[in-house]
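What follows is a single structure, written as structure tokens, with notes after it.
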Amino acid sequence: MAYDAFLLVSFGGPEGQEDVLPFLENVTRGRGIPASRLEAVAEHYRHFGGVSPINAQNRALLEALRPAIDLPLYWGNRNWHPFLSDTVAQMRDDGIRHALAFVTSPFGSNSSCRQYQDDIAKARSVVGEGAPVIDKIRHFHDHPLYIESHAAAVRAALESLPSRLDARLVFTAHSIPTAMNAASGPGGVGRYQAQLRETAALVAAAAAPELSWDLVWQSRSGPPQVPWLEPDVNDHLTDLAAAGVREVVVSPIGFISDHLEVIWDLDNEARDTAARLGLAFARAATPGVDPRFVTMIRQLVNERVLAHSNVRHALGTVPTWDFCPDDCCVSPKRV
């Protein structure tokens, strides 16, 4: 298929103190998030000067991709500048007709996939006539180079512990409401959790097959009466310490770079929990601009640009596809 541009689509983040609350209001609009939770999250951003690391990380990723992808590169966010609709308007003005979008989440759920596709559709509608067609690149939760970039980071983290033979691997991802997980995938098959469990198993097998591992959750943000995926990473660390575990490597496999959730929830809160419990703690890095991760994106682009080659890089059994059906990852409110 002929594509004439590459579009990086991401979450966005504030870049100053005055941006924090307007950004969080964009993120949570219509979701019924308690004001107290919004203010608590705002304090996390203010702790870092009101600046989320995600925009700088996306700029670095674009620079790393320039020599790897032979297409004009664009970048648009869901929740902060550069807004996706502004980027799509620029693409139209530049004469772009058919772009390929890479979304900075490997997994399928309403929040991590469907909402991005809805935002792309909304941006095209706002731009109107002449807006380019934009196709999203498939999920990549089991791509060999995604797995290896995380596995290498786990191995490096293990080396920093006193005795890796006693370590437990703890894989984390952003928690979502259980109803959203149940609705993820075509017809609602719990795709989000299934993909993450497969990613965790593949990374563990590649990094340290002799060690036990767990998949847990972080960064819950919803009303307390709504069930979300559990256990929380801090609760799980408490249980591990009570069971006699003395060393942990925490690997945020649900993230492609060090978002604020990684820095705050793991490098601050989870690390403090581990210290209080007497656990030796190491946090594995995220892919960021690891050359393996950059090569993975190039391979995903080539899968679509060179569709006749029939080359598809995947290690797992949870299927992926290029175009999502209409009943895939619908909002739990519609179920």
Can you confirm whether more than 12 heavy atoms, excluding those of Glu129, are under 6.0 Å from its CD atom?
no

Looking only at heavy atoms, the pair that brings Trp75 and Pro82 closest together is O-CG, 3.5 Å

Is Ile137 reachable from Met91 through a run of I, L, V, M, F, W or Y residues, each pair having side-chain heavy atoms under 4.5 Å apart?
no

Return yes if a side-chain donor-acceptor contact under 3.5 Å exists between Glu303 and His313, otherwise no.
no

Quick one: do the Ser175 and Glu230 side chains pair a donor with an acceptor below 3.5 Å?
no

CG on Asn181 to CG on Leu229, rounded to 0.5 Å:
5.0 Å

Does a donor on one side chain and an acceptor on the other come within less than 3.5 Å for Thr273 and Asn234?
yes

Would a single hydrophobic cluster contain both Val127 and Leu7, if residues Ile, Leu, Val, Met, Phe, Trp and Tyr are joined by side-chain heavy-atom contacts under 4.5 Å?
yes

Got a salt bridge between Asp322 and Arg304, using NZ or NE/NH1/NH2 to carboxylate O under 4.0 Å?
yes

No-hydrogen, no-angle side-chain donor-acceptor test under 3.5 Å, Ser219 and Glu261:
no

Checking His81 against Asn55: is there a side-chain donor and acceptor pair closer than 3.5 Å?
no

In terms of side-chain geometry, is the basic nitrogen of Glu39 or Arg46 positioned less than 4.0 Å from the acidic oxygen of its partner?
yes

